[in-house]
Every structure is written in structure tokens, then in C-alpha cells.
Amino acid sequence: MLSFEASKFHVERFQRFMWKQINKVEDHLMGLEISDRAKLRDLTKQLQIMSSNADSHIANADVAIITPKAIRNAHSRLIPSLPQSSPFTNQRAADSISYTISSMENREFGS
């Protein structure tokens with residue numbers, strides 16, 4: 001959860017970069033920008049970087065969700081092997097893990 005929160009800076013930075021590139025494309029399409037090969041080559045390069053960054057952010061979000069799901073699975077396998085464990089404590093841990101998963105899924109889809 002903390003790493004997901006820490007990524008906000010990078011996501012916001014990426015969003016600014018993305019909109020800057022989209023605005024450049026719009027300017028070229030509307031004829032507001034004089035097109036030459038060098039500018040178009042640079043714009044294409046920036047769009048490729050943007051696509052790569054988007055893929056990276058999506059992969060990071062997926063990992064942020066996969067990790068607590070793996071913790072939930074490990075927790076559910078571990079509980080039966082702990083004869084002294086309290087059902088209340090086990091349920092609190094399960095609820096915390098479920099909350100983390102739900103929170104991550106909501107953040108991933110912009111809810």
C-alpha cells in the first residue's frame with residue numbers, strides 16, 4: 001500500500017508528460033505546429049516512451065494487487081497449521097488483507 005502511495009508522484013509526472021505529448025500531436029494535426037521530419041521523429045520517440053511508461057505503470061499496479069493476494073493465500077494456508085491461533089486474530093488479519101486488496105483494486109481502476 002505504501003509503495004502504491006509513493007508512486008503517485010511518478011504517475012502524476014507521467015500524466016503531465018502524456019498530456020504534453022498529446023497536445024503536440026493535436027497541434028500537428030491542426031496545423032498549429034510546422035511539421036518537419038526532425039519534429040515528427042522526436043514526437044514519435046516521445047509517444048513510444050509514453051507507451052512504455054504506461055505499460056510499466058500498469059505492470060506496477062498489477063504487482064501491487066498480486067502481492068496482497070499472495071499474502072491472503074499464504075495466510076489461509078498457514079492458519080490450519082497454527083493450533084494455538086485465535087479465530088478473532090485470524091479474522092482481523094484476513095479482513096486487513098481483504099481491505100488492502102479491495103483498496104488496491106479500487107485505485108487501479110480509478111474508483
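In this structure, the side chain of Ser51 does not engage the main chain of Leu47 through any donor-acceptor pair within 3.5 Å. A donor-acceptor pair under 3.5 Å is formed between the side chain of Ser98 and the backbone N or O of Ala94. Under the 3.5 Å distance criterion, the side-chain polar atoms of Ser56 are left unmatched by any main-chain donor or acceptor of Ser52. Panel note: side chain Ser103, backbone Tyr99; no donor-acceptor pair is recorded below 3.5 Å.
Taken to the nearest 0.5 Å, the CD1 atom of Ile71 stands 12.5 Å off from the CD1 atom of Ile66. To the nearest 0.5 Å, atoms CG (Asp42) and CD (Gln46) are separated by 5.0 Å. If you take CG on Leu78 and CG on Asn90, they are separated by 8.5 Å, rounding to the nearest 0.5 Å. Rounding to the nearest 0.5 Å places OG of Ser102 at 10.0 Å from CD1 of Ile65. Arg72 contributes atom CZ, which lies 6.5 Å from atom NZ of Lys69 (distance to the nearest 0.5 angstrom).
For His28, the side-chain hydrogen bond (donor to acceptor under 3.5 Å, both in side chains) partners are Ser35, not counting sequence neighbours.
Cluster annotation: Met50 is connected to Leu43 through the hydrophobic network of ILVMFWY side chains, with a link wherever side-chain heavy atoms come within less than 4.5 Å.
Of all non-hydrogen atoms in Ala93 and His75, the two that sit nearest each other are CB-NE2, 3.5 Å. Considering all non-hydrogen atoms of both residues, Pro68 and Thr100 come closest at CB-CG2, 4.1 Å.
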Show me the donor-acceptor pairs, under 3.5 Å and distance only, between side chains in residues 13-26 and residues at least two apart or in other chains.
residue	atom	partner	partner atom	Å
Asn23	ND2	Trp19	O	3.2

